[in-house]
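Accompanying notes for the structure given below.
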Amino acid sequence: MHRRIIVPSALAASLLLAIPASAADFTPGAPGIGDSYYPTSGNGGYDVSHYDLRLKYQPATDLLEGTATIVATTKQNLSRFNLDLGLKVSEVRVNGRLAKFTASGDHELEVTPATPLEKNKAISVVVRYAGKPSEVKVGGWTAWARTPDGGVAAQEPDAAVWWFPSNDHPLDKATFDVSVSVPDGHQAISNGVLQSQSSRLGWTRFNWRSNKPQATYLATLAVGKFDITTDRTANGLPVLNAYSKDLGDNAGAARASIERTTEVAEWLESVFGPYPFNSLGGYVPNVTSGFALETQTRPFYSPRQFANGANVSVVVHELAHQWYGDSVSVQDWKDIWVNEGFARYSQWLWSEKEGEGTAQELADYVYATRTAEDPFWTVKPGDPGAENQFHVAVYDRGALALQALRNEIGDEDFFAILRGWPQEFAYANARVADFVRYAERVSGKPLAGLFDTWLYQPSKPSASTAATAGPSAPAARSAAPETAQPKAAQSKPVQPKSWKKIAETNTIHETGEHGHAH
């Protein structure tokens, strides 16, 4: 029998005020952040501001134990939310209270707090977890590499799932404290500044801090036995480089390349503006892969990058990403050109600086050596598709687009754009379209057609287009008479001296796996 309860109106009003929003007003956060290429990456409903990771890793067994504290703000009334993690969870607390949790898929952790979370409220989430990262597979692949003396987390577009719970997409960047305990005689390398280290009962703890917003895939962890060099830049930034003790024949070339990090960064500051982070460096663990990755403040390099001797060009590429890709990150993974086109073009500018071939000569060479039938031209750098996200065309054709822009607007506006863009979107996210609008604003010229030709058309631009808006345009052909035949049209282009070293870095996006690194 249903009874209707009647109360005085004043009492009814007071009861309404005391009753929280209906449970119907609270809904689960989306299991993906909405990326075009990777719909399950990241999560909806909240925004992370800080990760505090307290870890213990045993190299002999590959056992990682962790307690992650996540500081975030809700973006909707949340009944439940997801984190991305592949390891086994033993406990979750939300705002100090035990929460229910369940694993779904291959990397989703669904968390149901004891009470629903109101929109625009600060929350803390503590996750206790453990497991062997090398045994975690997402879509059949792993971003965790075992080494003879430890393990490494460095991959793109995903790496975090293997070692900490997160909102795993560049749209949700946060600051990081990473504290790692490893057996004495081993070191733990991560991003930012080494705040302190201490030893107790056979274990050494390393405490790292990255104090600027950082995408989760740019967070890195490497445990092993390293030779470490330290220094400070002229501006006082700490520099820390780490080399595995067993790099063999590649050891000398790796050091000869990475020890020039400070020099390269100072030059890049003259092109892109002030360095955006709190430290510099690089590390080379004893991995069998061939790629490199712009992990924030401390790029990862595979030993094979130096199999043919020193290669400063790859250091230029990864450090350029500190501005283009790390400080200014993609809004969506289809916007990968705002990372890769600029990092490749920085290699062309370094070649120009070193007198080993101008950016114009490199553009001419790329254009001339790729026939119209080459599948290279079918890849659209402005939206290449997930399967071609790290195709060489995104790099080389992406750089051609920048040379075309330089020729169209002239060096003064071009270099003003290269310097201004990282300031305009510092520590934030941007799309290809944002760059086009920015370039138009700075130059005062309509540029949509130019970018459409070089970034979005699945065909080789005509020789006439290339001669006016790309390779060998007059604005960049100061050494040749105006009547000279465009070098792009020559049948036997001259290979610039820097080409081989630049081409060697193409392996930075060839991992042979689902995950790639540039």
Side-chain angles (χ1 to χ4, degrees), residues 21 25-53 66-85 89 92-97 99 101 107-127 129 157-161 163-178 191-192 209-219 276-277 296 325-335 338-339 424-431 434:
D25 294 334
F26 291 84
T27 55
I33 210 165
D35 190 83
S36 299
Y37 291 175
Y38 307 104
T40 64
S41 289
N43 307 286
Y46 63 95
D47 184 78
V48 179
S49 59
H50 184 71
Y51 293 95
D52 182 273
L53 309 178
T67 300
T69 302
I70 301 168
V71 180
T73 302
T74 56
K75 297 169 68 177
Q76 68 181 67
N77 286 339
L78 278 174
S79 61
R80 189 180 76 229
F81 61 90
N82 285 23
L83 291 166
D84 299 300
L85 180 65
V89 174
V92 179
R93 289 180 179 267
V94 179
N95 295 335
R97 299 180 64 185
F101 62 90
H107 64 79
E108 297 287 344
L109 178 67
E110 299 178 3
V111 178
T112 304
T115 56
L117 305 173
E118 293 183 12
K119 182 180 180 179
N120 295 328
K121 297 291 185 180
I123 63 169
S124 65
V125 183
V126 178
V127 182
Y129 58 100
D158 301 300
V161 164
W163 64 289
F164 68 96
S166 72
N167 192 10
D168 194 15
H169 191 276
L171 266 179
D172 194 359
K173 300 199 279 190
T175 54
F176 280 74
D177 281 316
V178 179
N191 311 81
R209 170 164 290 179
S210 200
N211 68 347
K212 299 295 184 185
Q214 177 174 287
T216 48
Y217 85 94
L218 296 172
F277 302 122
Q296 193 158 307
D326 293 11
S327 178
V328 185
S329 300
V330 295
Q331 180 86 8
D332 186 288
W333 279 111
K334 73 177 181 180
D335 299 306
V338 301
N339 293 14
E424 181 91 355
F425 289 88
Y427 312 119
N429 302 78
R431 296 185 181 277
D434 294 322

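The chain is numbered in sequence order, starting from 1.
The minimum heavy-atom distance between Ala160 and Asp168, with the atom names listed, is CB-OD1, 3.9 Å. Taking each heavy atom of Ser79 and Pro28 in turn, the nearest pair found is OG-N, 3.1 Å.
Ser166 and Asp84 share no donor-acceptor pair across their side chains, judged by distance under 3.5 Å alone. A donor-acceptor contact under 3.5 angstrom links the side chains of Asn82 and Glu108, judged on distance only. Between the side chains of Gln76 and Thr27, at least one donor N or O sits under 3.5 Å from an acceptor N or O. A donor-acceptor pair shorter than 3.5 Å cannot be found between the side chains of Asp35 and Ser41. Using modelled atom types, one finds a donor on one side chain and an acceptor on the other under 3.5 Å when comparing Lys173 with Ser329. Defined by atom type and a distance below 3.5 Å, a donor-acceptor pair is missing between the side-chain atoms of His107 and Asp158.
For Tyr46, the ring-ring contact (aromatic ring centres under 6.0 Å, His included) partners are Phe81, not counting sequence neighbours.
Phe164 has its side chain out of reach of Val127: every pair of non-hydrogen atoms, C-beta onward, lies at least 4.5 Å apart. Within the 4.5 Å cutoff, the side chain of Glu118 has no heavy atoms near those of the Thr74 side chain. Proximity of Val48 to His50: side-chain heavy atoms (C-beta onward) are nowhere separated by under 4.5 Å. Looking only at side-chain heavy atoms (C-beta outward), Pro31 and Thr40 stay at 4.5 Å or farther from each other. Contact of the Arg209 side chain with the Phe176 side chain is not registered, since no non-hydrogen atoms from C-beta on lie closer than 4.5 Å. Residues Pro116 and Asn77 have side chains not in contact (no heavy-atom distance under 4.5 Å, counting atoms from C-beta outward). Counting heavy atoms from C-beta on, the side chains of Thr175 and Gln214 never come closer than 4.5 Å. Contact of the Leu83 side chain with the Val125 side chain is registered, since non-hydrogen atoms from C-beta on lie closer than 4.5 Å.
Between the Asn429 side chain and the Pro170 main chain, a donor and an acceptor come within less than 3.5 Å of each other. Distance alone, capped at 3.5 Å, is enough to place a donor-acceptor pair between the Tyr129 side chain and the Trp163 backbone. Judged purely by atom type and a 3.5 angstrom limit, Ser210 has no side-chain atom pairing as donor or acceptor with the backbone of Asn191. A side-chain donor-acceptor contact under 3.5 Å links Tyr427 to the backbone of Pro276.
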Step by step, work out the side chain to side chain contact (heavy atoms under 4.5 Å, CB included) result for Thr216 and Asn167.
-> CA-CA 8 Å; Thr216 48; Asn167 192 10; 5.9 Å; no
Steps toward side-chain hydrogen bond (donor to acceptor under 3.5 Å, both in side chains) verdict (Asp332, Ser36) | CA-CA 7 Å; Asp332 186 288; Ser36 299; 3.0 Å; yes
Candidate pair Val178 and Tyr51, rule side chain to side chain contact (heavy atoms under 4.5 Å, CB included), full reasoning | CA-CA 8 Å; Val178 179; Tyr51 293 95; over 6 Å; no
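Distance check: Asp177 CG to Leu53 CG gives 8.5 Å after rounding to the nearest 0.5 Å. Remark: Lys119 NZ to Thr73 OG1 distance equals 12.5 Å, nearest 0.5 Å. Rounded to the nearest 0.5 Å, atoms NZ (Lys212) and OG (Ser327) are 9.5 Å apart. Here Asp335 contributes atom CG and Asp434 contributes atom CG; the two are 8.0 Å apart, rounded to the nearest 0.5 Å.
Between Lys75 and Asp47 there is no salt bridge, since no side-chain N of the basic residue sits under 4.0 Å from a carboxylate O of the acidic one.
Aromatic ring centres of Tyr217 and Trp333: separated by under 6.0 Å.
Tested against Phe101 for a side chain to side chain contact (heavy atoms under 4.5 Å, CB included), the candidates Val94, Thr112, Leu109 yield a single pass: Leu109.
Applying the 6.0 Å contact sphere to CZ of Arg431 captures more than 12 heavy atoms from other residues, nucleotides or ligands.
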